[in-house]
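The structure presented is a predicted model; accordingly, all values stated were derived computationally and were not measured. In what follows, every heavy atom counts, from backbone to side chain, and hydrogens, waters and symmetry copies are set aside. Note on naming: letters A, B, ... go to the chains in the order of the sequence lines (proteins, then strands), and numbering restarts at 1 for each one.
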There are 2 protein chains.
Amino acid sequence: MYYIFNYLRFMKNEFLRNWDTQLKKGLLPLFVLQALKKKECYGYELIQELKSSFGMEVTEGTIYPLLIRLMKEGLLVHKWVEQSSGIPRKYYFISETGEINFNEMKKNIEETLLKVN
Amino acid sequence: MYYIFNYLRFMKNEFLRNWDTQLKKGLLPLFVLQALKKKECYGYELIQELKSSFGMEVTEGTIYPLLIRLMKEGLLVHKWVEQSSGIPRKYYFISETGEINFNEMKKNIEETLLKVN
DNA sequence: TATAATACATCGTTATACAATGTATTATAT
DNA sequence: ATATAATACATTGTATAACGATGTATTATA
């Protein structure tokens, strides 16, 4: 019975789940840039960072294509870093173009959100 | 020369234009509900309302499918209103389900946006 | 010795904004 | 008078991007 309550508590209806996904399309690039501005990350690490810092749950099928896209657009740069053991890590950094775009995005979203009430 | 400056001033790069579109996918249902909460509208009117109240430019190919979707989900109801002249207008109203979902969405986005800085 | 966690990546599906197009009526400008 | 714009509805095809599923490889844990 406890489980059912717990399930219902966190369950969203079809509409809200879908809305969350669509909203993410807009907010995700912003949060990725913000996270990388604070601290360079590799992809797998970024997934955890987005969860802990922004409560945003993202899968690998989302994050890797996004990082590749942001690279292509020139907002990020990367550097492979060999590990003493295990798979090498691909670290991402925000570029100057990335910073400029981030500021523009932030300004944009702040203006927009003033209109919600 | 003046025109060029003016053009550049308002021009966004490919990435930002695209981002705006994606962000809209998330914010649009929220703004539509908010607009209809304030005042019932017909589709064509809503397009103008979104522009003037939220600075959000939306085409008919966006708004009509969206309204149909929100109807299907039970967030809106509609009523045809004959005009003394011209095409009848399809007025949309927010339902109780719509109000509940709107509040949930608002709460969600406010929490999320606190994390941008 | 199997399973989970770490770390990279790709592919097919799905949702949704948008341009283009269509129909019909009324107002306005030439 | 007549073309054009504005009003008002709607649909269709295309593009973008999140997500689930799947794949490879390494290391840690049960």
Side-chain angles (χ1 to χ4, degrees), chain A residues 12-32 40-51 54 56-73 75 78-92 105 112, chain B residues 12-32 40-51 54 56-73 75-76 78-92 112:
Chain A
K12 286 178 173 155
N13 65 41
E14 178 75 18
F15 175 78
L16 281 178
R17 268 206 316 282
N18 227 318
W19 179 68
D20 271 358
T21 299
Q22 295 306 323
L23 191 62
K24 207 179 274 184
K25 290 195 191 187
L27 295 177
L28 195 52
L30 186 76
F31 283 137
V32 165
E40 68 270 18
C41 288
Y42 53 98
Y44 196 85
E45 186 185 18
L46 188 58
I47 292 170
Q48 297 158 334
E49 190 60 32
L50 288 168
K51 175 84 164 73
F54 306 107
M56 194 165 252
E57 295 192 56
V58 186
T59 66
E60 291 163 288
T62 298
I63 210 69
Y64 288 116
L66 173 59
L67 288 169
I68 290 165
R69 208 164 66 241
L70 292 173
M71 287 280 307
K72 264 193 205 137
E73 303 278 354
L75 281 77
H78 79 263
K79 192 172 70 179
W80 280 101
V81 178
E82 303 279 336
Q83 300 302 299
S84 57
S85 89
I87 299 165
R89 292 169 177 172
K90 198 173 182 177
Y91 277 88
Y92 292 89
M105 289 159 84
T112 303
Chain B
K12 286 178 174 155
N13 64 42
E14 178 76 18
F15 174 78
L16 282 178
R17 270 206 314 283
N18 221 317
W19 179 70
D20 271 358
T21 299
Q22 296 306 323
L23 189 64
K24 203 182 279 183
K25 288 193 190 187
L27 295 177
L28 195 53
L30 185 75
F31 284 138
V32 165
E40 69 270 17
C41 289
Y42 53 98
Y44 196 83
E45 186 185 18
L46 188 59
I47 292 171
Q48 296 157 335
E49 190 61 31
L50 289 167
K51 175 85 165 73
F54 305 107
M56 194 165 252
E57 295 191 56
V58 187
T59 67
E60 292 162 289
T62 298
I63 211 68
Y64 289 115
L66 173 58
L67 288 169
I68 291 165
R69 205 164 70 242
L70 293 173
M71 287 279 307
K72 262 191 207 139
E73 303 279 354
L75 282 79
L76 298 181
H78 80 263
K79 192 173 69 179
W80 280 100
V81 177
E82 302 281 335
Q83 300 302 299
S84 57
S85 88
I87 299 163
R89 292 169 176 172
K90 200 174 181 176
Y91 277 88
Y92 292 90
T112 303

B:Leu75 vs A:Phe15 side-chain heavy atoms within contact, under 4.5 Å: yes
Given side chains that start at C-beta, do those of B:Phe31 and B:Leu50 come closer than 4.5 Å, heavy atoms only?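 Side-chain contact under 4.5 Å: yes.
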Within this structure, what is the [atom1]-to-[atom2] distance between [X] and [N], rounded to whole angstrom?
X       : N      : atom1 : atom2 : value
B:Ile68 : D:dA8  : CD1   : P     : 18 Å
B:Leu67 : D:dT11 : CG    : C1'   : 15 Å
B:Ile47 : D:dC9  : CD1   : P     : 8 Å
B:Leu30 : C:dT16 : CG    : P     : 15 Å
A:Asp20 : C:dT14 : CG    : P     : 20 Å
A:Leu23 : C:dT16 : CG    : C1'   : 13 Å
A:Leu46 : C:dA9  : CG    : C1'   : 15 Å
B:Gln22 : D:dA18 : CD    : C1'   : 10 Å

Is A:Asn18 near enough to C:dT14 that one of its side-chain N or O atoms lies under 4.0 angstrom from OP1 or OP2?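 For C:dT14, OP1/OP2 do not have a side-chain N/O of A:Asn18 under 4.0 Å.
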Any A:Lys25 side-chain N or O less than 4.0 Å from OP1/OP2 of D:dC19: no
Is a side-chain N or O of [X] found less than 3.5 angstrom from the main chain of [Y], in a donor-acceptor match?
X       : Y       : value
A:Glu45 : A:Tyr42 : yes
B:Lys25 : A:Lys24 : no
B:Trp19 : A:Pro29 : no
A:Glu82 : A:Trp80 : no

Please work out if [X] contacts a base, only the sugar-phosphate, or nothing of the nucleic acid, heavy-atom cut-off 4.0 Å.
X       : answer
B:Thr62 : base
A:Gly43 : sugar-phosphate
A:Gly86 : sugar-phosphate
A:Ser85 : sugar-phosphate

Show your reasoning for whether side-chain contact (heavy atoms from CB on, under 4.5 Å) applies to A:Arg89 and A:Tyr44. CA-CA 9 Å; A:Arg89 292 169 177 172; A:Tyr44 196 85; over 6 Å; no
Can you check nucleotides 2-6 of chain C for protein contacts, nitrogen or oxygen pairs under 3.5 Å, and list what you find?
{"from": "C:dT6", "atom 1": "OP2", "to": "A:Tyr44", "atom 2": "OH", "distance (Å)": "3.2"}

Proximal nucleotide (of [options]) relative to the [X] side chain:
X       : options                : value
B:Tyr64 : C:dA19, D:dA17, D:dC9  : D:dC9
B:Arg69 : D:dA10, C:dT16, C:dC8  : C:dT16
B:Tyr92 : D:dA10, C:dA19, D:dG20 : D:dA10

I would like to know whether A:Leu67 and A:Leu46 meet side-chain contact (heavy atoms from CB on, under 4.5 Å); could you show each step before the answer? CA-CA 10 Å; A:Leu67 288 169; A:Leu46 188 58; 3.8 Å; yes
Watson-Crick or G-U wobble mate for D:dA8, both contacts under 3.5 Å: C:dT23
Starting at the 5' end of DNA chain C and moving along, which residue's nearest nucleotide shows up first, A:Trp19 or A:Pro65?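 With A:Trp19 and A:Pro65 compared, the 5'-side residue is A:Pro65.
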For A:Trp80 and A:Glu14, take the nucleotide of DNA chain C holding the closest heavy atom to each; which residue's nucleotide lies nearer the 5' end? A:Trp80
Polar side-chain contact A:Glu60-D:dC19 base: donor and acceptor under 3.5 Å: no
